[in-house]
Each structure stands twice: as C-alpha cells, then as structure tokens.
Amino acid sequence: MDEKDELEIKEENQSPVINIALDTVKIGKQALVFVATRQSAEKAAEEIAHSLKLNNDALNAAAEEALSALARPTKQCERLASCIKGGSAFHHSGLTSKQRQLIESSFRNGTIKIICCTPTLAAGVDLPAYRAVIRDLKRFSERGDYGYGGMGWIPVLEYLQMCGRAGRPSFDNEGQAIIFADSQSEEKEVSQHYIHGEPEEIYSKLAVEPVLRTHLLSLIATGMIGNRKEMMDFFSKTFWAHQYKNLDQLESTIERILGMLREWEFISGSREDSLFVTADKIGNESNTQPQQAVRHDRVFGPSLGNDIAPEVRGMNPMKNSIKATPLGQRIAELYLDPLTAHELIIGLSKAEKWQGEIEPFKLLQLISSTLEMRPLLRVKTKELEEIQSALLEQGGSLLVEEPSMYEEKYEDFLASIKTSLFFQEWIDENDEEYLLEKYGIRPGEIHAKVENADWLLYSSVELAKILRLQKLHRTLAKLRFRVQYGAREELLPLLQLKGIGRVRARKLFNNKVKTLGDAKAADVSTLAQILGSGKLALDVKEQLGQKIEAVREGKRKGQINLADYE
DNA sequence: GGACGGTGAAACTTCAGGTTGCCTC
DNA sequence: GAAGTTTCACCGTCC
C-alpha cells in the first residue's frame, strides 16, 4: 500500500490489535499478528477470539482436532482449542507439529481468520494473509545488541521477513504490513529505521569457534584439506575471508584449533612436518588451553599469529601430512562439535569405569551439558532450591565436573540438572501435561529436546563403539530407546512392535502382557480389548506370527535395534 | 461479625527459532 | 525493558 493512503480502522475495542483483527475479518480477509513471546501470542489470540466470536462447525471441528493432538490434552491444548472456536489461533514452537500443521491448513482454507505468532511464521511460509500486523518491534535478549541483556529492536531483516508474509502473489494482489508506535517521536524513529531503513549487513558465521571447529575437522575428514596450502586455499575463498580480509588472524586461529584436534586425537600427523601447533606453543595471549576451550559462541579474539613457533611456521606447506583418525572421522560424520565429542569421551570413559551399571540420570546430565543441547531449561527462581537439592542427592558423583557456584557457568550447570531431571521424568513415563506444569516445557519443545537427545545418545553409542567401551554400549542403547519413547525399561520389548508406543505398551504391560511371548500367547480378542482396536490387535499378531527376529529388524523409521547390543 | 468475592495496585517473573545423526515405513 | 502473572490489601455484599 502507498504510505500516503490512510488506513481507517474503526475503534471497536481499546486494543488496536483487536480493532485491526475485527476490521480484517469484516473486509473478508485474514491476518498474521507477530508478537515477541509465546505467552504474548497465546494471550493475544485469546483476546482476539473473545472479540471475534465466530464459532461455526468448521472451527469446532478444528478445535476438537487441536485438543486431541495428545493422549491427554495439556492446558495449552485447551487454550488453543478455545481460541480456534472463536476464529483465531496462536502458533509457536511449543505446539506439537500436528497442531502447527492443523493451524496452517485451517488458515489456508479460510477457517481460522487470525494467527498470533512468534517468528515461527516469519519466513518461508505461503499463507493467505492480507495483513501482517507486527505488534512487537522490540524483543528481549540475554545478550542484547550491545552485549548486555534487555529489550532491543528486532533486525530490519526480520521485520522485512514478517512484512513479506502479507499479500502473497498466490492469494492476493496486494497486502498490508502494519506496525505500531507508542508516541510521535517513536513513530518517526520506527519509520526511519524500519520503513525507510536499510537491512543489516550479513556477516559470516565461520568466525564462531564451534562452527569453525566442526568444519575444520570435517574438511580434514573428507580429505579436502591435507596440508597448509590446501587449508589456506580453501579458507581464502570463503565469505569470511572475503569480508574480513585478515588471513593472518584466520590462519592463527585455525592453527590453534588444529592443536586441540590433535591433542584430542581426532587428527594425526607428525609434529615436525605438519601444520600443527601444539597446545603449549599457543594461547599465551588468550590463555586458552585446549582442555578449557571456550564454550560460548565466541568470535575470534586478538591475533595469535606471532605466538606461533617459527619452526612450525616454516614447515613444508605442500606436504600432505594431516589426516583424521578413525575417531575424528566418525565425529565429523556425526556433525558433532569436536569440543562436545571431547567432553562426551571424557564423560563416557568415566561411566565405563563405574561400578555396576551407571544410572541414566548421569548420562542424561552428560548430554545435557553439551553445546548441542542448548537452549537448556532455565531454572526459575522458585525452582532453585529444588534443583540444588536434586544436585545434592547426586553427591558430587556426576560425569561432568560441578563448577563453583561463584563461577559464571554455574547457572548453566544448574540448567543442565533441570534439563536432565526433565528427561528422567520423561523416561519415567510422565505425560506432557505433568511436564508442562512441573518444568514449564511445552509439548513441541519436548519433541525438539527428545530429538536432540536421541542424536547425542546415538553419537555416544558410536563413540563408545570406537573407543571399545563395551560396558556402556547396551546401557546407552537402552537409554536411547527409552528417550525416543519416553518409557520405562520394562516396556522396551513391547515397544519393538510397530503401532505400539508408550501409551499402548503401558496398557498391555498393566494387563499382564509384558513380553513379546506374552503377546504371542494372548488371544486376539484380549489384545483387541486392551488396545481398543481390533485392527491393531491383528496387526500385532501378524507381526508376532513372523519370525521374531524379522519383527525386531523391521520397525519404524530411525528406530534402533536392541538386538545389535545383545 | 465473619465468610466470600470482586477489584485494582504492587510485586514478581519471564522472555524466538531451528540444523545436524541414523534409517527406510 | 516490558508484558503477563501472581499476590495481596481493600472494599462491598450476603448470610
């Protein structure tokens, strides 16, 4: 729309967002409302639904579907269903993927008129929204624009992404993007910054150390880099080098990371003729020992170029002398940050020496301490005592060393304890509603966390294989299976059946069908009664009618095979 | 007079998202 | 930094 055109919206309510929502529906259109937090998205959707009061059969059906996304609806499901009944919905990462898809399709077919969302819908979606209403242009950040926390303006690029959701060519000839200002001075500022402003420059992320560590190892593992010349050739052609033009600094940082990789035995090569720099030859300036490498996404510090020993600098640049070890090769294939892999290896080696079988909690805490598991579940003020007492119960016997409570990383450590407690309760079969109430984790986030844990546990199994940590194999494989399903160990045999998840397996188990043998012995009608489905009972019988081994090998997508570890 | 409910101010709490591994229905 | 939630004091009403 031309900026000069006046957009007249009747004030039927005190909230401008609700007025716009009402107007949008009145002109027969749909809108997306972008807000800063998940909580705001839910509240805004609720208020809009309350004012719209659309209520029709299609909405009721969609609401019913939203409610039945989980075996037992959570408060979030109920809130969503109640919004949908009124004609609006909220959309954020805390919803299950089923609910997100439902909302998108109901919006696409015109049933739902308004969606209040976080940036989940800002990019890459093609929805029939005539208006993109950007209610919040400020958002909280732990590390704000200038290095300290607080509210900061969202990037212009993100604003443009949101605007781009309005008036999609496949649905409309034009669209409207609406932003808000609290005062006249803010109006001027917002207009200059967003409407007439230039989008931010894009910066290379290669300078972030975990990214560089991962890529460096992968380049070596795939054989793309074998000597200094190849290394510098490759990096000099990257966007990072193009942007910063300081190859000396890049080179010295790479040398430092190579030192770490060698120290951890992820790469090999002789010291004299390789491009390695050992840990003791570097780091004077940053005082960073490989073992204590910085955990945060850190952009390179001051150049270490002059600290590199001359004899190392003077090595043969053309000689292929650098290779990934089998361990390094596998780490690269697993896409693990080498520092994470190193920390997992230390933890797993401790676990292997544990007397008896190590408790799942300790392994869960080990994976919850990795960079890959972030963001962790934040410890709220009122939970602090409970989390600390859970930590005390472990009696200092965790696989990850506990930092002093005066250290900055102590907060993260406590968050890793809370995250592991959540995982523990998940594998003890507590449902989504309970986890939402106790840990504040929404169903969609549970799914994301479980998927991450699954990857890290799979990686741990692979590391244990290579390192010949025999004892841990089966423990880790069992734990991975339990995390995948959110189930206790006793359900593992039943979970190998297709169509049987943790809810059905629990039903069977509680009805004395505890093993595949029990299921085989039980008659179809009993199984049908327990499972509440004759078709499923027949399917289970069919699976059991095959050779048991075949059933164990078939299974679902990505499911692990316990038989491998027996 | 006590229990109960409604209201509003003050105090307190919390704060986006998504990619990667396996595998093959 | 600001929105949203919780807590608490206060007041009016009812039994």
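Per chain, numbering begins at 1; letters A, B, ... match sequence-line order.
For A:Arg330 and B:dC22, the shortest distance from a side-chain N or O to OP1 or OP2 is below 4.0 Å. Between A:Arg139 and B:dC15, a side-chain N or O to OP1/OP2 separation shorter than 4.0 Å is absent. Phosphate contact (OP1/OP2 of B:dA16, side-chain N/O of A:Arg38, threshold under 4.0 Å): present.
Side-chain contact between A:Arg38 and A:Arg442: present, with at least one pair of heavy atoms (C-beta onward) separated by less than 4.5 Å. Between A:Ile417 and A:Val379 the shortest side-chain heavy-atom distance does not fall below 4.5 Å.
Rounded to a whole angstrom, the distance from the P atom of C:dA3 to that of B:dG18 is 24 Å.
Boundaries of the chain A contact region on DNA chain C are C:dG1 to C:dT5, first to last in 5' to 3' order (nucleotide atom under 4.0 Å from a heavy atom).
Of all the residues in residues 93-101 of chain A, A:Ser93, A:Arg100 reach under 4.0 Å from DNA chain B with at least one non-hydrogen atom.
Qualifying side chain to side chain donor-acceptor pair (under 3.5 Å) partners for A:Gln329, counting only residues two or more places apart in sequence or in other chains: none. Taking the ring-ring contact (aromatic ring centres under 6.0 Å, His included) definition, one finds that A:Tyr439 meets it with nothing, sequence neighbours left out. Applying the ring-ring contact (aromatic ring centres under 6.0 Å, His included) test to A:His92 and every residue at least two apart in sequence or in another chain returns A:Phe90. Judged as a ring-ring contact (aromatic ring centres under 6.0 Å, His included), and not counting sequence neighbours, A:Phe423 has no contacts.
Judged by Watson-Crick or G-U wobble contacts below 3.5 Å, the nucleotide C:dT7 has B:dA9 as its partner.
Residue contacts for A:Asn452: at a heavy-atom cut-off of 4.0 Å it reaches a base atom on one of the strands shown.
Using a 4.0 Å cut-off between a side-chain N of Lys or Arg and a carboxylate O of Asp or Glu, A:Lys438 and A:Glu386 qualify as a salt bridge. Comment: A:Lys43 does not engage A:Glu46 in a salt bridge, judged by the lack of any side-chain N to carboxylate O separation of less than 4.0 angstrom.
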